[in-house]
Amino acid sequence: MSRSRQYWLMKSEPLVFSIEDLARAPKRTTCWDGVRNYQARNFMRAMKPGDQVLFYHSNANPPAIVGIAEVAGAAYPDPTQFERSHKHFDPASDPAAPRWDMVDIRYVRTFATPISLDSLRTEKALVGMALLQKGSRLSVQPVTNGEWEYILKLATV
DNA sequence: GCCAACGTTGGC
DNA sequence: GCCAACGTTGGC
């Protein structure tokens with residue numbers, strides 16, 4: 001059963017991995033490893049190829065949505081959870097039933113002007129956006145169709 | 001560097 | 001099941 005394209009937002013620290021890094025990556029694609037939060041993992045498991053992703057730079061100056069990527073494939077186990085020396089090693093994860101998944105993300109485009117967190121906060125249409133909720137730390141979030149369309153309009157203003 | 005908010009862990 | 005302690009996120 002197919003479904004229409006869904007929309008997401010994913011955060012990355014540009015000093016660790018920026019949208020420029022994604023644009024330069026082989027096949028303009030990267031695997032989104034290292035997520036160790038159940039809610040974020042569950043959102044990745046819900047992703048389908050072709051779903052669209054707002055690429056957000058956190059811990060940046062300014063923090064901002066900087067462009068678009070797309071989901072390149074369904075979620076699959078993140079191998080770093082089993083690598084003992086890896087920062088994201090999880091000794092409690094059972095290889096027979098891996099706890100953590102990741103998806104592949106492909107570059108689509110970079111906005112001519114990043115849409116800063118500050119400017120997003122001034123938009124009444126976006127007050128319900130997960131990103132803007134107090135204390136929101138989730139690194140993978142759903143974006144509604146309305147939010148997506150509104151943000152893309154902002155991107156081309 | 002600070003710190004508020006949040007998620008996870010583990011003792012009980 | 002409660003909750004204190006701890007670790008992390010991420011804006012500022």
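Side-chain atoms are counted along with the backbone in the values below, which use heavy atoms only and exclude waters and symmetry mates. Given the structure is predicted, the values throughout are model-derived calculations rather than measurements.
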Could you pull out all residues at least two apart from [X] that satisfy side chain to side chain donor-acceptor pair (under 3.5 Å)?
X        : answer
A:Glu149 : none
A:Glu83  : none
A:Thr29  : none

Could you pull out the closest heavy-atom pair between A:Cys31 and A:Asp104, with the gap in Å?
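Nearest heavy atoms, A:Cys31 then A:Asp104: CB-OD1, 3.3 Å.
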Indicate yes or no: does A:Asp78 engage A:Arg36 in a salt bridge with an N to O separation below 4.0 Å.
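Yes, charged N to carboxylate O under 4.0 Å.
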Residue of the set A:Phe55, A:Trp8, A:Tyr76 for which ring-ring contact (aromatic ring centres under 6.0 Å, His included) holds with A:Trp32:
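Looking at A:Phe55, A:Trp8, A:Tyr76, the match for A:Trp32 under the ring-ring contact (aromatic ring centres under 6.0 Å, His included) is A:Phe55.
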In dot-bracket, 5' to 3', how would DNA chain B read with Watson-Crick or G-U wobble pairs under 3.5 Å, [ ] for crossing ones and | for pairs to another strand?
||||||||||||
Using a 4.0 Å heavy-atom cut-off, write out nucleotides 6-12 of chain C from 5' to 3' as B (base contacted by protein), S (sugar-phosphate only) or - (no contact).
-BBBBB-
Quick one: salt bridge (charged side-chain N to carboxylate O under 4.0 Å, His left out) partners of A:Arg24, sequence neighbours excluded?
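Salt bridge (charged side-chain N to carboxylate O under 4.0 Å, His left out) list for A:Arg24, sorted by chain: A:Asp21.
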